[in-house]
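Input: a single structure, listed below in structure tokens.
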Amino acid sequence: MRTPLRAALALLLVVATACGGGSGGGSTIAPPLDPPVTQPDPPVVDAGPVAMRRLTESQYRATVADVLGEDVIVAGRFEPDNRVSGLLAVGASNVSVTPAGFEQYDAIARAVAAQALDPAHRAALVPCQPSGATDDACASAFIGGVGRRLLRRPLADDELPPWLAVARDAGAELVDFHAGLEVALAALMLSPEFLFRVEASEYDPARGGDRLTSLAMASRLSFFLWNTTPDEELLAAGERGELTGDAGLAAQADRLLDSPRLEATVREFFADIYGFDAIEQGLVRKDPALFPAFSQDMIHDAEEQTLRVVAEHLLTEDGDYRELFTTRQSFMTRTLGLVYRVPVRSADGWEPFSFPADSGRAGVLTHVSLLALHSHPGRSSPTLRGKFVREVILCQDVPPPPGNIDFSMFADDAAQNRSTARGRLEAHVASPACAGCHNLMDPLGLALERMDGIGVERDTENGQQIDPSGQLDGEAYDDAPGLGVTLAKHPQLSPCLVDSLFKYAVGRDPVEGERAFRGYLQERFAASGYKLRELLRLIVLSDAFRTTSGPRAASGSASAAPQQTTAVTVQPGDLS
Amino acid sequence: MKRALSRRTLLRGMAGGAAIAIGLPLLDVFLNEHGTALADGGALPVRFGTWFWGCGINPERWQPTKEGPGYDLPVELAALDGLTEHVSVLSGFGVTLDGRANIPHWTGVMSTLTGSVPAREFDVDVPTLDTIVARQIGAATRFRSLEMSATGIPGQSYSREATSIVNSSTVSPLELYTRIFGPGFADPNDASFEPDPRTLLRKSALSAVMADATRLERQLGSHDKQRLDQYLTSLRQLEQQIQVSLTPPDLDACTKPAAPGGEDVGSDLERAIATHDLMSELLVAALLCDQTRVFNMLFSWGTSELRKQGTDTAHHQLTHDEMVDPQLGYQPRATEFALASMAAWASFVRRLASTPEGAGTLLDSCLVLGHSESSFAKSHSVVGLPVMLAGHAGGRVRAGVHVAGNGEPVTRIGLTVQQAMGLTVESWGTRGMEATRPVSEVLA
């Protein structure tokens, strides 16, 4: 058997040396996680802690659609989700709600509640005819039913009266039963148990440790596999206590895994690791004078193109994850056709498309979405693109640039004939303080230089031919498709996906007691032919997913990662 | 009539700042019956704000040579011409690293705002100065503080009250308008004002939410308890907003402004200036209507992404890429952004100074900390950070002087701000940054 992990380890040592080689940097590359140890059978897991997880914007929207109606509009700007350890899904276990964010939740909830109880929708949600402006029995049926879905658990007997009082007072004051329910529903949607998923745990005598409760498992399963609140069947199984048992869990897991709704999670996960929230928030902006083909419509189509390729390849075709970096299968709209410079027959909508073998494009790294995202407003950036491959695709940390850099050596690009990015970046390599880390990032990005700041093809920059050849950790390639082939063979590629998906599932970084399990996951993922559905199944049925060390303790650290601004943050030393 | 309640609300707000409002001898702003003050003899509120721009200045072209009043205006301060009586320049204050790394574009701003040199990138030793002040003077207003960013990037805000909690910036003038003057705003000029019965109902509904949260708290671990605490703070602020919105503001200078259009936002200089100007106008109206007493305006982020249309290199990038012109002695393209930032700052101060309120102007009651995260950005220098204090803080500060800090820690300025805002604090900052003496030259 091959030993990809040993190879990965060896590579990381090489990488560490390279990056630490600078005289001023002082930093070393470390793998973001301790290298896993492989085991043949499911290893014993000593799982990490649980914490409340704030609903992401897409989870909030999906929940409203599922519980209150597909056509209820959720209008308004959400407080940005926070990326921690590379994932919004991990940030969700750390964030709270700021005053401004709470205002937004309030405004959104009121607008949602008004729609949910308008004459067009109320019949589907209110299971009774009120006897007047106040009717406790009928209000109780509504709040008990909708509340159970929103809070993802049945309301206890003593929880109902305060909400009933709200509905009663409001119904009486406004002389309108449904307006009373509306006030109660809007408030219910501000409850911390709605805005946050509380992952409750309990002692499991059979294991001698804590596990997630059956109800908490219903939410964990549903949000992990469908990116939304549990449906009736899953919630009922959770209430009956079936989800702490192997058979009950497997039955529900298989049902969810076999559903087309699994696509929601695959999209959400890849949008998360790829940083597409920047596109969603309109933060990817380009200079219109330099990039007339760029528009917000175009970049949204570009995001959709990539997510379609991911979902089609990994789910519909049950394909090999590694082939995402080599596949020429794609989808196209007319708007995108302008950037890819290909004719698109459909005036409106999507059509399948294959990049020709000589197109210079293959794999998601050559998609406009990622190319534009990892560029500056006015130009491409081999450094940002290379950093993305190292950090997101291979899960390697690239240290920040040293603090006091002498930039004068880069000052005179024109005089030194540095008309291509390669020429400009060579200046970094000449400087020992910069070379270590830039050598990690730049060659990967330079392979993509034949696609400009929004991903339009070009052969030259400032009149000079662009040379896209290079090497990745000792493997040479000629161009962008070649980089994809090299990446697909990289020993860190699939372990990185496994670790990212695991973090996404549990909403935190792995702990030491999960190291062996991660090795096991990697082996099984490889043995499955790198099939994502199998990886998801392995995770949800594992003890790592079902058990916990208990509620997370406060760290006491004042560290606070700022909101991620991938598309617009400029790193010092990125002179490309 | 409802107005009496409004006064009470405002006076309750002043109670938080009572130590200063009443304890100080003579305030510039005297109150009379006629539109220049609140009823019941209460003073006009005192306000505090920060105004930040990224990537500093060229120290030798910015720093005045003459100290004290009547200071000179070198070329990069020339935009303040005509405003110097309202603005004090605090040059030469900086960061004492004490062995810690100078984290580019982070150490400078965090040292100024938290009093501590951050140990790691993105560390924030909470709370930031604006939230400290907001606890003192911002408790009674509809918004504890307002955060705005001119370059259209919502994640950018330095304001943190607690760990992991960013008071995120509003980036669109229309959103800012809607937040302040939308349905939750009680218009004082609307003669037919009647509180929406739903508003009161919402307030009592929040009690049910509060009960829910309190029950939940008992089940949580310490990590989640901290997060729920922040949630509860936010919940109480919404209650406060609802309470305040039950009665129109009682300030005669208050007028509901017209709604801005849905202009595009972005980081090119022209758009950033337009966004900044629109937001400043809304902020002025919000202050006059006492919707908030604390604000944070970001003209650009520490790694300033300001850019000229049609050019491929942003401000921050230029500070590193561009060669210092040997003839001129500075980086011409990067310096254009420093000049534009100073012009925007001057326009902001001028706007406050030309807005009448009471017997004087809005600037009379304000204290605005104008600052950047580096002095000379090319080398990420945090020595001699450019800092300015605009406004008179209701007579509590002495404006219009240049004070040379001679390498003293920038925390002395934060301490000064806190004392001017009525906090009884005698030292501020940690390790080598601990300051025990305010900049007495600017305290009245």
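Heavy-atom pairs under 4.5 Å with chain A peak, among B:R144, B:E175, B:M210, B:E147, at B:E175. Interface check for chain A: of the options B:R198, B:Q237, B:Q219, B:Q309, the most heavy-atom pairs under 4.5 Å are formed by B:R198. Annotation: maximal heavy-atom pairing with chain B below 4.5 Å, among A:P49, A:S191, A:P162, occurs at A:S191. Here A:G378 is the residue among A:P551, A:G378, A:G453 with the most heavy-atom pairs under 4.5 Å with chain B. With respect to chain B, the highest number of heavy-atom pairs below 4.5 Å among A:L290, A:L195, A:L188 belongs to A:L290. Chain B forms the most heavy-atom pairs under 4.5 Å with one residue out of A:L174, A:D169, A:V50, A:L151, and that residue is A:L174. Contact tally against chain B (heavy-atom pairs below 4.5 Å) for A:Q281, A:E173, A:R110: the top residue is A:R110. When each of B:G221, B:A101, B:A205, B:G310 is scored by its heavy-atom pairs under 4.5 Å with chain A, the top score falls to B:G310. When each of A:A289, A:A100, A:A167 is checked for heavy-atom pairs under 4.5 Å with chain B, A:A100 comes out on top. Interface summary for chain A: among B:S204, B:G152, B:P183, the most heavy-atom pairs under 4.5 angstrom belong to B:G152. Between chain A and the residues B:R179, B:R236, B:Q331, the largest count of heavy-atom pairs under 4.5 Å involves B:R179. Ranked by heavy-atom pairs under 4.5 Å with chain A, the list B:T233, B:T313, B:L206, B:L235 is led by B:L235.
You'll find the ring centres of B:H105 and B:H320 inside the 6.0 Å limit. Taking the centre of each ring, B:Y231 and A:F102 come in below the 6.0 Å mark.
Summarising the geometry of A:V166 relative to A:A184, their closest heavy-atom pair is CG1-CA, 3.8 Å, with the distance given to 0.1 Å.
At a 4.5 Å heavy-atom cutoff, the contact between B:V265 and chain A is made by backbone and side-chain atoms alike. Residue B:T107: no heavy atom, backbone or side chain, is found under 4.5 Å from chain A. With a threshold of 4.5 angstrom between heavy atoms, A:F196 approaches chain B through side-chain atoms but not through N, CA, C or O. Neither the backbone nor the side chain of B:T170 has a heavy atom closer than 4.5 Å to any heavy atom of chain A. Within the 4.5 angstrom heavy-atom criterion, atoms from both the backbone and the side chain of A:A187 approach chain B.
With respect to A:E461 and A:R424, a salt bridge is recorded, a charged nitrogen being found less than 4.0 Å from a carboxylate O. Between A:D452 and A:R379 there is no salt bridge, since no side-chain N of the basic residue sits under 4.0 Å from a carboxylate O of the acidic one. Using a 4.0 Å cut-off between a side-chain N of Lys or Arg and a carboxylate O of Asp or Glu, A:R54 and A:E79 qualify as a salt bridge.
Considering CZ of B:R160 and OG1 of B:T128, their distance stands at 8.5 Å, rounded to 0.5 Å.
Side-chain atoms of B:S169 and B:S149 include no donor-acceptor pair closer than 3.5 Å.
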**Request:** Take A:E193 and A:R152, measure what salt bridge (charged side-chain N to carboxylate O under 4.0 Å, His left out) needs, and give me the verdict at the end.
**Result:** CA-CA 8 Å; A:E193 285 194 79; A:R152 305 169 283 271; over 6 Å; no

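Within the structure, salt bridge (charged side-chain N to carboxylate O under 4.0 Å, His left out) pairs that include any residue of residues 213-226 of chain B comprise A:E159-B:R215, B:D212-B:R215, B:D224-B:R227 (at least two apart or interchain).
Ring-plane geometry between B:Y158 and B:W301 is classed as parallel, the angle between the planes falling under 30 degrees on a 0 to 90 degree scale with a further cut at 60.
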